[in-house]
Trainee: 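Okay, handing you the structure first.
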2 protein chains.
Amino acid sequence: MDLRHISFRLLEVFMSVVTTGSISKTARALHLTQPTVSLQIKRLQESVGEPLILMQQQKLTVTEAGLELFKTCQQVFGQFNDYKDFLAQLRGGERGRCKIAMVNTAQYILPKLLGPYSNLHPHVELPLEIGNRAEVLARFERGEDDIYVFSHPPSLEHAKAARFLQNPLEFIVPSEHPLAAASAVTLAELTHYRFLLREPGSATRMLFESELQGRGLVLSDSVQMASNEAIRVAVSSGMGIGVLSRHVLPKGEQGFKVLTVSDTHLASHWYFVIRTDRHLSHAARSFLQFAELNLARYLDARWVRNELNQLELN
Amino acid sequence: MDLRHISFRLLEVFMSVVTTGSISKTARALHLTQPTVSLQIKRLQESVGEPLILMQQQKLTVTEAGLELFKTCQQVFGQFNDYKDFLAQLRGGERGRCKIAMVNTAQYILPKLLGPYSNLHPHVELPLEIGNRAEVLARFERGEDDIYVFSHPPSLEHAKAARFLQNPLEFIVPSEHPLAAASAVTLAELTHYRFLLREPGSATRMLFESELQGRGLVLSDSVQMASNEAIRVAVSSGMGIGVLSRHVLPKGEQGFKVLTVSDTHLASHWYFVIRTDRHLSHAARSFLQFAELNLARYLDARWVRNELNQLELN
DNA sequence: GTTATGTATAGGTTATTATCAATGGGTTGT
DNA sequence: ACAACCCATTGATAATAACCTATACATAAC
């Protein structure tokens with residue numbers, strides 16, 4: 001038996017012949033002519049190498065081999081119907097995978113969207129990758145993920161980016177710091193103190209430094225720290241002033257105080273980034289559409305900047 | 001997703017691409033060229049309406065849809081392998097159906113062959129039909145069975161017949177019959193007594209009557225009875241002389257006696273008959289081959305007349 | 001920078017498929 | 001006996017599937 005050149009169409013025709021018990025009826029049912037069906041069956045029988053139906057006394061009977069083939073076909077079409085269902089779910093975004101790579105700081109805000117989304121689409125896998133800006137950029141280059149989250153837009157080929165949230169920066173000082181009691185301060189005043197900053201590549205630091213540079217200011221002293229958490233702890237223990245995303249700050253200020261800097265309002269933006277040269281997976285599209293509709297609901301509405309329509313998801 | 005024009009070959013190629021993880025390797029493995037495989041996959045993807053594999057960074061990855069299709073294919077090929085096994089069994093005569101229609105008297109001898117055969121091939125269905133000569137002939141005409149058993153060859157179009165057993169006729173008389181004590185009698189002597197016979201069409205009666213006619217003898221009295229069993233009982237109760245196939249007589253003579261008729265040796269033959277214009281089912285062929293080899297073993301060797309090679313089974 | 005290696009695309013050939021209409025030979029039913 | 005069905009066969013056609021070679025184009029390896 002040589003299946004190679006048998007198409008599913010052929011099996012469909014065969015199944016119809018078995019169920020209708022007639023070649024002519026099948027022809028009518030499938031909008032074919034009777035000779036066509038006759039030939040199809042003949043060809044199928046040759047491929048199988050065994051008679052599948054017999055005409056005896058003008059009545060069509062199905063042979064043992066034919067009946068068994070029919071059962072096999074039923075199962076096979078069942079399997080493919082299951083597959084079709086799977087595809088439908090995939091396309092509907094109910095199933096599949098949406099791999100997201102994000103820079104460190106994003107891990108404080110993205111879960112607020114991911115949680116509700118995941119509850120709505122429990123069958124969608126949502127593997128997350130967290131790294132620093134350079135790492136996430138490298139992942140983007142290699143196209144390892146479906147969605148990338150940056151603050152600070154990467155200007156790359158094949159990238160489409162859209163802002164979705166403001167990332168306001170806040171200055172925090174130890175509770176016992178000389179400036180802690182001031183009702184308002186200026187940026188220039190701050191530069192006399194020691195600053196605790198993330199590594200040079202980080203969006204927060206880049207934004208802060210370009211602001212300083214634009215205003216001709218220079219920090220008298222700064223220390224580099226590996227994480228936002230480390231900065232927060234260091235500030236609380238009196239090491240210096242920190243510049244952190246507002247989203248990173250815990251609700252209750254513990255051991256530090258947020259300054260009101262009257263002449264400075266620093267804010268970068270969070271971006272969803274996708275590659276234009278890759279098919280966006282259905283799940284990823286589904287997540288971004290969810291985000292577009294629900295940003296204000298799950299994130300602090302004051303900072304939402306919904307420009308996801310720029311991704312042209314539809 | 002439109003399966004209609006997808007052939008199994010195409011799925012085979014796809015599966016190979018998934019398992020080898022490379023289009024070129026698949027091409028080499030299946031003795032195709034690389035562009036051929038590329039195109040096949042492309043076509044499959046179009047049929048499915050969803051990307052199945054992705055090339056990223058020179059590495060081939062299988063999408064969700066692709067992986068699921070692969071699993072589906074595995075199952076489907078599994079089903080068809082099962083079907084192939086089934087076909088092999090069918091062809092080997094291990095499975096299937098062998099419908100046999102036989103005349104009444106044959107039911108006393110055929111089970112001796114069918115029993116051992118059935119033990120050897122437990123998965124072969126062996127439906128039996130038993131009727132008088134006319135009924136079995138009608139079944140033959142309509143081609144309702146695979147094998148027909150007659151004594152007396154039907155000379156029909158599309159029939160191939162072969163003898164396999166002599167059917168010697170015996171004369172039986174009631175124990176208290178005047179002839180019961182005689183050591184030997186002649187046919188002519190018998191004609192003076194009442195005979196118990198089957199219906200005119202039966203092979204036994206036809207044979208007996210043609211013998212009488214050939215020798216210019218006429219029965220003085222005869223009664224028609226519906227079955228061999230009825231004749232046996234009637235003889236035992238003294239109603240007259242019976243003519244019965246030796247194979248029908250029980251081992252211990254009860255209430256009757258078998259005569260030795262010195263001038264008469266009547267014997268017809270049992271025939272297996274098949275239609276030449278129908279495919280002989282594998283099971284039927286298998287049974288006849290079994291019979292050809294084992295006649296002498298399971299039937300009384302004295303009467304075996306093995307001419308089954310005339311059926312040209314091989 | 002050159003050489004493999006792997007994939008995609010273009011262009012072409014041949015065999016096969018999927019159809020059809022027309023026709024002939026059977027059965028069945030009236 | 002005739003109409004009504006059913007199936008098989010024939011002959012024809014347009015589409016397409018299944019391949020190939022040649023070529024271009026990446027990336028990885030040396």
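Here is how names work: the chains are called A, B, and so on, in the same order as the sequence lines, proteins then strands, and each is numbered from 1.
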Trainee: On DNA chain D, reading 5' to 3', which nucleotide is the first and which the last to sit with an atom under 4.0 Å from a heavy atom of chain A, could you check?
Mentor: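 From 5' to 3', the first and last contacting nucleotides are D:dC6 to D:dT9.
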Trainee: Sugar-phosphate means primed atoms, P, OP1 and OP2; the rest is base. With that split, encode nucleotides 8-20 of chain C 5' to 3' as B, S or - using protein heavy atoms under 4.0 Å.
Mentor: BB-------SSBB
Trainee: Using a 4.5 Å cut-off on heavy atoms from C-beta on, say whether the side chain of B:Phe70 contacts that of B:Leu52.
Mentor: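 When only atoms from C-beta onward are counted, B:Phe70 and B:Leu52 do not touch, as no gap falls below 4.5 Å.
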Trainee: Is the centre of the B:Phe80 ring less than 6.0 Å from the centre of the B:Phe8 ring?
Mentor: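 They qualify: ring centres under 6.0 Å apart.
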Trainee: Taking only residues at least two apart or on different chains, which pairs with a member in residues 57-86 of chain A satisfy salt bridge (Lys or Arg N to Asp or Glu O under 4.0 Å)?
Mentor: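 Sorted result for residues 57-86 of chain A: A:Glu64-B:Arg97, A:Glu68-A:Lys71.
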Trainee: Which angle, rounded to 10°, do you find between the first-five-pair axis and the last-five-pair axis of the helix from C:dG1-D:dC30 to C:dT30-D:dA1?
Mentor: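 The value is 30°.
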Trainee: With sequence neighbours left out, what residues match B:Gln289 under side-chain hydrogen bond (donor to acceptor under 3.5 Å, both in side chains)?
Mentor: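 By the side-chain hydrogen bond (donor to acceptor under 3.5 Å, both in side chains) rule, B:Gln289 matches B:Asn314.
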Trainee: Between B:Phe150 and B:Tyr271, does the ring centre distance come in under 6.0 Å?
Mentor: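 No: the rings miss the under 6.0 Å criterion.
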Trainee: Within this structure, what is the CZ-OG distance for the pair B:Arg91 and B:Ser286, rounded to the nearest 0.5 Å?
Mentor: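 It is 14.5 Å, given to the nearest 0.5 Å.
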Trainee: After noting the C-alpha distance and the side-chain angles of B:Phe164 and B:Phe272, does the key distance pass the ring-ring contact (aromatic ring centres under 6.0 Å, His included) rule?
Mentor: CA-CA 7 Å; B:Phe164 67 97; B:Phe272 282 127; 4.1 Å; yes
Trainee: Is the closest basic N to carboxylate O distance between B:Arg43 and B:Glu46 below 4.0 Å?
Mentor: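 Salt bridge between B:Arg43 and B:Glu46, a charged N being under 4.0 Å from a carboxylate O: no.
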Trainee: Which residues pass the side-chain hydrogen bond (donor to acceptor under 3.5 Å, both in side chains) test with A:His269, not counting sequence neighbours?
Mentor: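 Scan of A:His269 (side-chain hydrogen bond (donor to acceptor under 3.5 Å, both in side chains), adjacent residues dropped) gives A:Arg163.
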Trainee: Give a yes or no on whether a salt bridge exists between B:Arg139 and B:Asp145, defined as a side-chain N under 4.0 angstrom from a carboxylate O.
Mentor: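 Yes, charged N to carboxylate O under 4.0 Å.
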